[in-house]
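Reading through the C-alpha cells given below for one structure.
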Amino acid sequence: MKTLRSHFRTATLALCAAGLFASQATALPVVVPEQNRPIVLAASDCYAIGQQVAEQNGGTLAKASQSTRGGQPVCVIVVLVPGKDGQRPRRTEIVVPLN
C-alpha cells in the first residue's frame with residue numbers, strides 16, 4: 001500500500017512539473033511598444049532660464065520655479081549675487097516670462 005502512495009505522489013509531481021514546463025514553453029514573450037513621446041517639464045525650462053539669468057548677473061542660481069502672474073506663465077528666478085568687500089551675498093528675485 002505504501003508503494004502505491006509513493007508511485008501516485010511521484011506521478012502527481014511529475015505531471016505538475018510537466019504542466020509547468022509546458023506552460024512556460026508555449027507562453028509568448030510580452031512586447032511593450034516603445035513610447036517616443038517627448039516629455040516637457042516646465043521646471044527644467046525655468047532652471048535653464050535661471051542659469052542664464054544668474055550668469056548674466058554674475059551670481060549663483062538659488063531657485064527657479066514656475067508661476068502664473070496675470071494669466072501668463074512666468075519663471076520666478078532667485079539669484080545670489082556676491083556682495084562687495086566680503087559682505088553677504090544679495091538675494092535678487094527676477095521674474096521672466098516663460099516662452
Side-chain angles (χ1 to χ4, degrees):
M1 192 67 156
K2 287 185 180 181
T3 57
L4 182 60
R5 283 186 194 166
S6 176
H7 291 300
F8 183 70
R9 188 177 306 147
T10 304
T12 305
L13 288 173
L15 284 174
C16 288
L20 179 65
F21 289 125
S23 67
Q24 293 295 324
T26 59
L28 295 174
V30 177
V31 178
V32 178
E34 288 187 31
Q35 296 179 353
N36 292 331
R37 298 179 193 160
I39 298 174
V40 179
L41 298 176
S44 65
D45 291 339
C46 285
Y47 184 78
I49 292 170
Q51 285 180 326
Q52 292 174 355
V53 169
E55 195 174 297
Q56 290 170 357
N57 290 318
T60 305
L61 177 63
K63 181 180 174 185
S65 60
Q66 183 182 3
S67 181
T68 303
R69 294 194 179 170
Q72 298 295 322
V74 295
C75 291
V76 179
I77 310 297
V78 177
V79 178
L80 296 176
V81 181
K84 296 179 183 176
D85 298 325
Q87 293 180 351
R88 291 178 42 188
R90 292 175 307 168
R91 183 182 185 273
T92 307
E93 185 173 301
I94 302 165
V95 179
V96 181
L98 180 65
N99 291 333

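Residue indices begin at 1 and follow the sequence shown.
Placement of V96 and L61 within a single hydrophobic cluster is found when ILVMFWY residues are connected by side-chain heavy-atom separations under 4.5 Å, directly or transitively.
Summarising the geometry of C46 relative to A64, their closest heavy-atom pair is O-CB, 3.5 Å, with the distance given to 0.1 Å. Counting all heavy atoms, side chain and backbone alike, I49 lies closest to C75 at CD1-SG, 4.1 Å.
Identified under the side-chain hydrogen bond (donor to acceptor under 3.5 Å, both in side chains) test for residues 49-60, with sequence neighbours left out: Y47-Q51. Pairs engaging residues 75-91 under the salt bridge (Lys or Arg N to Asp or Glu O under 4.0 Å) rule: R91-E93 [sequence neighbours left out].
Between V76 and R69, the closest side-chain pair of non-hydrogen atoms falls below 4.5 Å. Looking at P97 and Q72, their side chains never come closer than 4.5 Å, going by heavy atoms from C-beta outward.
With rounding to the nearest 0.5 Å, the separation of OG1 in T68 from CG in L98 is 9.5 Å.
Here the options are L80, V81, V53, the test is side chain to side chain contact (heavy atoms under 4.5 Å, CB included), and the partner is T92; only V81 passes.
Partners of P82 according to the side chain to side chain contact (heavy atoms under 4.5 Å, CB included) rule, which considers only residues two or more places apart in sequence or in another chain, do not exist here.
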